[in-house]
2 protein chains.
Amino acid sequence: MALFLSNVTNKLDKKGRISVPSAFRVAMKEEDFQGVVLFQSNNHQCLEGFAWSTMSDINNRLDHFDMFSDAQDDLATAIFGSAVQLPFDGDGRIILSKNLIDFAGLSDQAVFVGLGSKFQIWNPHDFEKRQDVARKKIQSKKLTLPKSDDQKGEGRS
Amino acid sequence: MALFLSNVTNKLDKKGRISVPSAFRVAMKEEDFQGVVLFQSNNHQCLEGFAWSTMSDINNRLDHFDMFSDAQDDLATAIFGSAVQLPFDGDGRIILSKNLIDFAGLSDQAVFVGLGSKFQIWNPHDFEKRQDVARKKIQSKKLTLPKSDDQKGEGRS
DNA sequence: CGTAATCCCATGATATTCCATAGATATCCA
DNA sequence: TGGATATCTATGGAATATCATGGGATTACG
């Protein structure tokens, strides 16, 4: 499974094109669909990105809900309804729609941030602030990693 | 299996024709029947759409209800009774009947919303409101996806 | 014969592909 | 060790293909 690490700042050209970091692309080179899936973060003013296969996993999980239930509908609308599937061009770039650029407040540069199985795309300035906040929260709360999945909280409807 | 995502707004012409987004069509290009199945949503003022092969899945799920129960009867009536099968024309469009247009409150534009294994067709204005509601409900209810179950998920390396 | 549904093509807009350049990094050989 | 060369990556621009959409022609049907 694709693992995204580190952060890389790339240029966003006037057509909305931006190179996906080479390291991210090789992490996804086994994927059927060569490209990424992006959507607007629920928690931050940034974009979140996944490999295609991650989306089919999510779809499988969604299928655990009743197909016509409210919960299924809400989740599907928020997740799939606002996602976009962006293929790499021949040079490993994707094209961000004006919509996405506005949401993330991007101008001429953007930083790709590896977060394990997903990544985020930030305005460089916002990301620095975000990083500070995250560090401080970890220090004050003494946040640590949970043990490997002990408690499988099954939120079933 | 067809996986629909993202949302695309297209024009509805005076003949009732509307282009199905190219991405949705390629998601269905392996289908025997080249077209979609639509019916009126039970929960919202919108249309719901499936690939033809998905209908048999729905049928299987319906069979999990008691064959002669009220619930089975109600669901089957609501779903199959109002469903229409719409083929693509040579340019990838479908034709919406006045009936469907009225039900969804469509005028000159409509947005196709990918929801995983199904999609919806909305009046653009209504969809924005719907999206807001869905996002808020997820945040307030802390709705999350159940963790992937390893029995079903095909393990990729 | 008239109405409606289907098919077919033209067009503009948009997206995708292709190529060229430059910078950085890695490789190789003296 | 140092310098030259090759390779890979990011970026910009231009050529090309695809898609959405409108109008018109053709067919089916009452």
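Separating the CD1 atom of B:I18 from the C1' atom of D:dA20 is a distance of 10 Å, rounded to the nearest angstrom. Whole-Å rounding puts the B:L12 CG to D:dG22 P distance at 10 Å. Straight-line distance from the CZ atom of A:R25 to the P atom of D:dC8: 12 Å, rounded to whole Å.
The closest donor-acceptor contact from the side chain of B:S19 to the backbone of B:P21 lies at 3.5 Å or more, if one exists at all. Judged by distance alone, the side chain of A:D91 and the main-chain N or O of A:R93 form no donor-acceptor pair under 3.5 Å. With hydrogens and angles ignored, the 3.5 Å screen pairs a side-chain donor or acceptor of B:Q139 with a backbone N or O of A:N42.
For D:dT9, neither phosphate oxygen OP1 nor OP2 lies less than 4.0 angstrom from any side-chain nitrogen or oxygen of A:S19. Contact annotation: A:R17 does not reach the phosphate of D:dA14 (side-chain N/O to OP1 or OP2, under 4.0 Å).
Taking the six-membered ring wherever Trp is involved, the centroid distance between the rings of B:F50 and B:F39 falls below 6.0 Å. Ring pair A:F119/A:F24: centre-to-centre distance below 6.0 Å.
A heavy-atom distance below 4.5 Å is found between the side chains of A:L106 and A:I121.
As judged by a 4.0 angstrom heavy-atom cut-off over every strand, A:K14 is placed among residues touching the sugar-phosphate backbone only.
By the salt bridge (charged side-chain N to carboxylate O under 4.0 Å, His left out) test, B:R135 pairs with no residue at all, sequence neighbours left out.
Taking a heavy-atom distance under 4.0 Å as the criterion, the stretch of DNA chain C touched by chain B extends 5' to 3' from C:dT6 to C:dC9.
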key: Intermediate values then yes/no, side-chain hydrogen bond (donor to acceptor under 3.5 Å, both in side chains), A:S53 and A:E31   = CA-CA 7 Å; A:S53 63; A:E31 292 282 324; 2.8 Å; yes
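Proximity note for B:K11 (side chain, C-beta onward) versus D:dT9, D:dA20, D:dT21: the nearest is D:dT21.
Sorted by residue number, the members of residues 84-97 of chain B with any non-hydrogen atom under 4.0 Å from DNA chain C read B:D91, B:R93, B:I95.
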